[in-house]
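Here's the structure we're looking at; comments come further down.
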Amino acid sequence: MTLKFAVPVALLGTGMYVPERVVTNDELTKMVETSDEWIIERTGIKERHIASEGEVTSQFAAKAGMEALRAAGITPEELDMIIVATNSPDMLFPGVGPLVQGMIKATKAGACDVQAGCTGCVYALVLASAGIGSGLWKKVLVIGAEALSRLVDWTDRNTCVLFGDGAGAVVLGVSEGKNAVLAAELHADGEKGDYIAFPGGLAARPANHASVDAGDHFVKMKGNEVFKYVNKVIPSFVKDVCEQAGLDISDIDAWIFHQANLRIIEGILRRLNVSEEKAIVNLQKYGNTSAASVFLALHEGFADGRISRGDKVMLVSFGAGMTYGAIILEI
Ligand code: COA
């Protein structure tokens, strides 16, 4: 059954921003023992954009957010709420949401961050949809933004080759016609919290010499466990969400999976019996941009015409927590 909101929701615009500096796989071979062939074969990633010195997540978020607002034809003053999904905020507080609110002068908007691993953008989109659907807000800017390169150990080949920086944004508002949100579902599996973690610097392990020496201030990941877990849970989860909307898998016009690894995306598509042409994939250029990833793909899908108005698009993400979630939009 299609979701029923008191107020119908519309997607009004999208935007994105990536930092200028591009780091190729070949460049990484100067930092760790790896190769272009290994990275492409195991992940599909060819290059990624990385924050230069002084660049921070809030700057990427504000730039992507402004592009989405321009596309939507609305001004920052019209916003009721800004929600930023990030795992690499400039600092713990103030959050990136309030920083962006101040930077773009969204004088009437509330603002906060959502932290749910790479799934954060889908969580934020669902929260924003519910906020509009309930009548609480009229216009919401949702941003996924990361400078995760700052949290990665550049001597650890298991993680540093995977991630990239950037931001994607979506503006949601009250629809004058149909409700764009056909289904949404969010899950968490906190018992698997050790699969991807950033343990240091906060209440459990405050920053001190020992925590720095132990490398607690870097992303830790059990890549293989994540790989197996995602392949196990995502295909049946995606089928369930389609069923909720009364849709068949074949009714989805475009698929946007979290851009973590091409092998993961291909494996899911195979299990769902969906052709690769229906999936928007841009991880070759950006790597895994965590909470920004599905918004970057959504924006590029629109920009190059692979997604058109009227299409049914499914956004699916997974990440630290473990968390996973999906939303189906009829754009
Ligand atoms: N270059 C070369 N070799 C590397 C390497 C690199 N960058 N990273 C790891 N290896 C090595 C490993 O050390 C291992 O060597 P060993 O057999 O001598 O111990 C070998 O490659 C195989 O490692 P394995 O972990 O089994 O590889 P994999 O095929 O599972 O690929 C990932 C590794 C990380 C690419 C893959 O597991 C993955 O993408 N997992 C999901 C991660 C993810 O999506 N995280 C984010 C979720 S939000």
Side-chain angles (χ1 to χ4, degrees), residues 23-48 50 85-88 114-124 144-149 151-166 168 186-190 192-198 218-235 237-238 256-269 279 281-284 286-297 315-326:
V23 175
T24 62
N25 291 346
D26 277 335
E27 263 183 272
L28 293 179
T29 63
K30 295 178 195 130
M31 302 176 204
V32 288
E33 205 184 318
T34 189
S35 66
D36 184 40
E37 296 72 41
W38 191 95
I39 301 171
I40 290 177
E41 191 200 311
R42 301 295 180 109
T43 71
I45 299 165
K46 295 183 176 155
E47 56 189 33
R48 67 288 291 141
I50 296 292
T86 183
N87 303 285
S88 48
V114 164
Q115 196 266 86
C118 302
T119 323
C121 48
V122 173
Y123 269 71
E146 302 285 7
L148 213 65
S149 62
L151 311 187
V152 165
D153 178 356
W154 287 93
T155 65
D156 174 15
R157 68 178 184 175
N158 290 297
T159 50
C160 77
V161 304
L162 303 176
F163 297 102
D165 300 332
L186 304 173
H187 279 275
D189 198 349
K192 310 233 166 15
D194 63 332
Y195 284 9
I196 314 172
F198 185 89
F218 292 126
V219 172
K220 313 277 178 209
M221 189 177 68
K222 296 181 179 172
N224 221 267
E225 299 298 332
V226 174
F227 193 89
K228 284 187 285 188
Y229 179 79
V230 168
N231 279 309
K232 194 172 120 203
V233 300
I234 296 296
F237 167 63
V238 161
I256 300 182
F257 292 100
H258 172 40
Q259 306 286 304
N261 184 318
L262 186 59
R263 284 192 297 148
I264 293 180
I265 296 176
E266 287 172 349
I268 297 170
L269 290 172
V281 176
N282 61 5
L283 58 80
Q284 307 88 320
Y286 305 118
N288 177 351
T289 56
S290 193
S293 116
V294 298
F295 289 173
L296 292 186
L315 277 58
V316 185
S317 195
F318 49 84
M322 295 294 290
T323 57
Y324 54 101

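Whatever order the structure lists ligands and atoms in, that order sets their numbers, starting from 1.
The single protein non-hydrogen atom nearest to atom 46 (C) of ligand 1 is N288 ND2, 3.5 Å, given as residue, atom name and distance. Taking atom 31 (O) of ligand 1 as the reference point, the nearest protein heavy-atom neighbour is R263 NH2, 3.5 Å. Among all non-hydrogen protein atoms, the one lying nearest atom 21 (O) of ligand 1 is W38 CZ2, 3.4 Å. Among all non-hydrogen protein atoms, the one lying nearest atom 24 (P) of ligand 1 is N224 ND2, 3.6 Å. Nearest protein neighbour of atom 34 (C) of ligand 1, counting heavy atoms only, is L162 CD1, 4.1 Å. At the shortest separation from atom 15 (O) of ligand 1 among protein heavy atoms lies R157 NH2, 4.1 Å. Summary of contacts: the protein heavy atom closest to atom 45 (N) of ligand 1 is M221 SD, 3.1 Å. Nearest to atom 1 (N) of ligand 1 among the protein's heavy atoms is T34 OG1, 2.7 Å.
The two residues S290 and L148 come nearest to each other via the heavy atoms CB-CD2, 4.1 Å. Residues A297 and I256 come closest through the heavy atom pair CB-CG2, 3.6 Å. Between Q259 and V281, the shortest heavy-atom contact is OE1-CA, 3.3 Å.
When only interatomic distances are considered, the shortest N/O to N/O separation between N261 and ligand 1 falls below 3.5 Å. Remark: ligand 1 and T43 share no N or O pair separated by less than 3.5 Å (distance only, no angle test). Considering backbone and side-chain atoms together, G223 places an N or O closer than 3.5 Å to an N or O of ligand 1.
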Next on the checklist: Show, in sequence, the C-alpha distance, side-chain angles and deciding distance for F257 and I264, and conclude whether the side chain to side chain contact (heavy atoms under 4.5 Å, CB included) test is met.
Outcome noted: CA-CA 9 Å; F257 292 100; I264 293 180; over 6 Å; no
Checklist entry - Checking side chain to side chain contact (heavy atoms under 4.5 Å, CB included) for the pair W154/L28: CA distance, chi angles, key distance, verdict? => result CA-CA 9 Å; W154 287 93; L28 293 179; 3.6 Å; yes
Next on the checklist: Test side chain to side chain contact (heavy atoms under 4.5 Å, CB included) on V226 and M221; report intermediate values, then the result.
Outcome noted: CA-CA 8 Å; V226 174; M221 189 177 68; 4.2 Å; yes
Next on the checklist: As a quick check of understanding, evaluate side chain to side chain contact (heavy atoms under 4.5 Å, CB included) for V161 and I45, giving each step before the final call.
Outcome noted: CA-CA 8 Å; V161 304; I45 299 165; over 6 Å; no
Next on the checklist: As a quick check of understanding, evaluate side-chain hydrogen bond (donor to acceptor under 3.5 Å, both in side chains) for E146 and T289, giving each step before the final call.
Outcome noted: CA-CA 7 Å; E146 302 285 7; T289 56; over 6 Å; no
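Heavy-atom proximity to H258, at under 4.0 Å, picks out these atoms of ligand 1: 48 (S). For ligand 1, the atoms sitting less than 4.0 Å from at least one non-hydrogen atom of C118 are 48 (S), numbered in the order shown with element in parentheses. Here is the list of ligand 1 atoms found below 4.0 Å of a heavy atom in A260: 44 (O). The contact set between ligand 1 and V161, taken as ligand atoms under 4.0 Å from a residue heavy atom, comprises 7 (N). Every atom of ligand 1 is numbered from 1 in the order shown, and the set under 4.0 Å from a heavy atom of N158 is 8 (N), 9 (C). The atoms of ligand 1 that sit less than 4.0 Å from any heavy atom of F318 are 48 (S). Close contacts of ligand 1 with G319, meaning ligand atoms under 4.0 Å from a residue heavy atom, involve 48 (S). Near R42, the atoms of ligand 1 lying under 4.0 angstrom from a non-hydrogen atom of the residue are 22 (C), 27 (O), 28 (P), 29 (O).
For atom 6 (C) of ligand 1, the nearest protein heavy atom lies under 4.0 Å away. Shown here, atom 18 (O) of ligand 1 is out of close reach of the protein: none of its heavy atoms lies under 4.0 Å off. There is a protein heavy atom closer than 4.0 angstrom to atom 26 (O) of ligand 1.
Distance check, rounded to the nearest 0.5 Å: CD of E47 to CD1 of I40 gives 10.0 Å.
Annotation: side-chain hydrogen bond (donor to acceptor under 3.5 Å, both in side chains) contacts of N25 (sequence neighbours excluded): D36, R48.
For K192, the NZ atom counts as densely surrounded, since its 6.0 Å shell holds more than 12 non-hydrogen atoms of other residues, nucleotides or ligands.
In this pair, Y229 and Y324 present their aromatic rings perpendicular. The plane angle is above 60°, beyond the 30 to 60° band.
Residues I265 and L283 meet the side-chain proximity criterion, which asks for heavy atoms closer than 4.5 Å. The closest side-chain heavy-atom distance from H258 to N288 is below 4.5 Å.
Of all the heavy atoms of I196, the ones lying under 4.0 Å from any atom of ligand 1 belong exclusively to the side chain.
At a 4.0 Å cut-off, not a single heavy atom of L28 sits close enough to ligand 1 to count as contact.
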